Each structure stands twice: as structure tokens, then as C-alpha cells.
Amino acid sequence: MKTIINNLLENSIIEVRNYNLYYGNSRALKDVNILINEHEITALIGPSGCGKSSFLRCLNRMNDLINGCKNNGKIIIGNVDIYEKNVDVNMLRKEVGIVFQKPNPFPISIYENVAFAPRTFGVKNKSELNKIVIDSLKKASIYDEVKDRLFSSALSLSGGQQQRLCIARALAANPKILLMDEPTSALDPISTAKIEELILALKKEITIVIVTHNMQQATRIADKTAVFFLGELIEFDTTEKIFTYPSNVKTENYITGKFG
Amino acid sequence: MLSSQKRIKTHYSSLKVFSLISVIISLIALVGIIAFVIINGINNVTYDFLFGKYDNTPSIYPALIGTLNLILISLVVAAPIGIFSAVFLTEYTNLNSIFMKIIRVSIETLAGIPSIVYGLFGYLIFVVSFNWGYSLLGGGLTLAIMILPVIVRSTEESLLSVPNELREGSYALGASKVRTIFKVVIPCASSGIITSLILAIGRVLSESAVLILTIGMVVNKVPETFLSAGTSLALDIYYFGSYGYPNEAAATAFVLLILVLLINLLAYAVGKFLKKGGNYSENNY
């Protein structure tokens, strides 16, 4: 049976079974089990160093880039075991995009930034490329701000605009799932609000997993919330339940600010 | 307490004076050399001397052509090898592995070898073993080996200065390693890489010891092919100086000095110009 992702994932359901992650000898994730539904926003919360960012980066194998990183267990996305040997990692990352904490636009034009992924996957036709770039910029609600300067450097944008550009860049790959690693932690409240709005709008089309330190943010946007503590997933439920009747005492302590 | 503070202060001020004197001495040396070369050389630089035929009066035209050939040969050979060695070292190996350390020590050793030793090597390989005789090609290849460590080292530095976030950003969009290197890493490091190439040209311009043993110092004939013997500007200074043409030597030195100055200005300008659009670290990190 072949499991190469040579085209598209069947769906965007993420199923993680007994997943462990090690950096050298230290265990960053312990027996994580979770089932993330399609077209939902899932927030990952927990104190610093609890493994939530590490977990997020496992979902499109960004951790492969780190030396001495080992894992076991299964992550199944759209019926494909993504750690299977014959999975094309590049196609996986096209299907499961990620936006990082610090905006990292390439030091080239705004247009070229967004066109990077389509070009990677062989889109050469000029009008097709234009359409993808403009659509992606619109989806990331930054088009109106940059439409007059698509060919100026991406570094001329403000921090919040750069982050939305990075989202547009990720969307241009047409992913089924978008992972976001504290996308608003470096931004001011207005930019944060814009990005939250945008995340809610994107939910119709894609599944979103977002790491956040901001609990209000989780309650504002997330359908489900997963709480990590020292590498373990201690609670996973609807956001409402987590923030009103947490079943785990550590969750309660964390969300009420007793530690973290 | 007070007295010790005072003592430290005098200590500092004497250091300041000493530093100032050092700066002045080195400035005098530099200005002195430049002034000497200009005063002695400028009057002897004529059109015939630069581009005329070498018959009764000496001309550096063969040397200009020879130097140009040497730059061309050495860069065409050393630039791709040097750049891709640096790419291999930074992108494909673990920075702290033993393998890397061995390579790095080798490169540093290569950079420290006296140029006359390179010359001897070139002589034994290209002139004797390959039986090319004295040739620009042999000289150019020897120079290529000599500037290789310069290019590798500085290219490596510029590649390492490309923030990892950009590599991650590229991988995250599904780009392969090769695409990441060619579309993100090398373009971001381009100003540093080009500057290093220009500085390597400077090394080629000013080299003489290597060439004495490899290209034959034929000062009066314009080289016809890469396999002809020839001369370079630096070699001409040596030739004019040792065979009784002090004015011509000074004039050649003047031309060489101007060229080196131009090369350095170009390196500076390129670094500055390319960085304007592309220096990620200054804008974002």
C-alpha cells in the first residue's frame, strides 16, 4: 500500500496516537492522544516549555529539521500516516502550512513572497499566478493595504502586515490545515484583532491549530482547546468547557493564573 | 579610593595617547606609500605606456591583458567551487561534527600557506608535469587554488548570517532543500558572496610570487591564448624594478594601486547597494 501524498490529503482530520517526542535524551511530549476535527479551530494552551509548540511542529514534520529529534507513535492526517517512510515531506508541508511566531517574510517583493509556494509547485502561468497571489492576499485581508505596492520589498511592511503577509504566503500553497505558532504574540492589539478576525473567516475552508499564550484569544476564536502540561496533554475539550468547568485541577490552576 | 580612580584615569589617558600615536604612524606609512607611488608614477603614465606596443619603449599592455586573463580564469574556476563548498559546509553538514572541524582547519591552513609555495606547486604541476610550459592557464589555475579559501571562508560567513527563520519559512511552504538554498539562502547572502569575489579579484591583482613560477614573465608580448606565457601588472613592477626601469616600475605601481582602490570601492558599493534591499538581519532581527 502506498501512502505517498502525491496529490491531496483526503480530509483534514488529525489523529494522534501515543505520540512521543524526544530532543536528545529529554522527552518533550509524552503519549499524546488527540483527535482534531475538520473545519474547527483548536487552541493549544499551557505554560511555557510544556510542549505545545513542539507538538504543533510535529504535525507537518518541521521537527525533522532539528538535530537529535526522535519520535514514536502515530500521527495520521487525512488517512495518511505522516511519519511513514514514503511520505513526501514537501507535499505534506504544502498541505499542512505553518505560520511562525515571528513574521519571517523573505527579503523579496510582496508579490514574490506570496508566489513562492505556487512557483515551488510548478505554477508558471502568469495570470494563474496573479490570481493565486491576489486571492491569497485577500484571504489574509491585507490586499487593500498592499495592492499599490505589490512589487516593493516585503520588509517595508509593519510587523502586523508582515505577519498577515506570511499567512497569505502560507495560504497560497492552498493548504488543508494551517498551523499557527503564537502568530500574534509579537503584535499590537489592533493587528492581533485583525488576525483573529481573519482566522475566524478562514475556518470555513481550512482546519486551524493555533498555539497561544493568550487565554482570551483562545476563548475568542477556538472551538476546542487542548491544555498541555510538562509534555502531556492533560485536557482536551470544547473551549467553553475548558474555561468554565475544567475537569483537571492543573487546567483550572493554569487558566485562573495560579501558575504559568 | 579616590587615588586609585585617579591612577586608572591617567592610565587610560596614556593609553589614549599611545593609540593616537599608533594611528598616526600607520596613517603616515599609508599616506607615504600612496604619495610616493603617485609622485613617482603619475608622470610616466602615458597612453603609449598603457595601451601601446612594447617595442622600443616599455608598455604594460601585455600585462593588462595578462592580468585580465588571470582574473577571468581564476574566478571562473574558483567562484563556483568556492561557493558550492561553502554551501556544502553550511547547509549539508553539522557545524560541530569532526568532519567539519577537519575541513575548517584545512581551509585555514590553505589560507595561510605562503604564496610562493602555491607558485612552486603550480610550477611542478602545470609547467612540468602537464608539460604546458609557462602559461596563463597554469598561473590562473594556481591562483584559483590560492583564492579558494578566501572565497569559501567569506561565503560561508555570509551564508551563516542568513537567519534560520528564512530557511524554516521556505521549508514550511513545501520547498525542497535545493530550492531553499537557491531561492532563499544564496539570494539573501548574495551581497556578501559578491563582495568576497571582488576581494578575491584584489588578491589576484596583487599576487606576484605565484606568477613568477607559473606564467613566465614575458613582458613584451601580448598573450594570444590561455596557453601563452605572459605577465601581470604586479610582475611587471618586479621586472621593471629589477631590470633598470625605475620610472616604469613606479608608473605600473600607480596603475595597480588605482585598480586595487577601484576594486575595493566596488566591493564596498556592491555590499552597500545589495544590502539595501536584502539585509534581513538589520531590518528584522
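These numbers come from a predicted model, not from an experiment. Reminder, nothing fancy here: chain letters follow the sequence lines and each chain counts from 1.
Listed by chain and number, the residues in a side chain to side chain donor-acceptor pair (under 3.5 Å) with B/N164 are B/R167 (sequence neighbours excluded). With sequence neighbours left out, the side chain to side chain contact (heavy atoms under 4.5 Å, CB included) criterion links A/E182 to A/S53, A/Q101, A/S185, A/V211, A/H213. In this structure B/E156 satisfies the salt bridge (Lys or Arg N to Asp or Glu O under 4.0 Å) test together with B/R104, sequence neighbours excluded.
The parts of A/F116 that come within reach of chain B are both its backbone and its side chain, each placing non-hydrogen atoms under 4.5 angstrom from that chain. Contact of A/R119 with chain B is made through backbone and side chain together, with heavy-atom distances under 4.5 Å.
Chain B forms more heavy-atom pairs under 4.5 Å with one residue of A/T120, A/V89, A/I98 than with any other, namely A/T120.
Aromatic ring orientation, A/F228 versus A/F55: tilted (interplanar angle from 30° to 60°).
Taking CD from A/E128 and NZ from A/K124, the interatomic distance works out to 11.5 Å, rounded to the nearest 0.5 Å. Distance OG/B/S232 to CG/B/L211: 4.5 Å, rounded to 0.5 Å.
Nearest approach of A/F121 to B/G174, heavy atoms of both residues: CZ-O, 3.5 Å.
Chain A is approached within less than 4.5 Å, heavy atom to heavy atom, by no residue from residues 145-154 of chain B.
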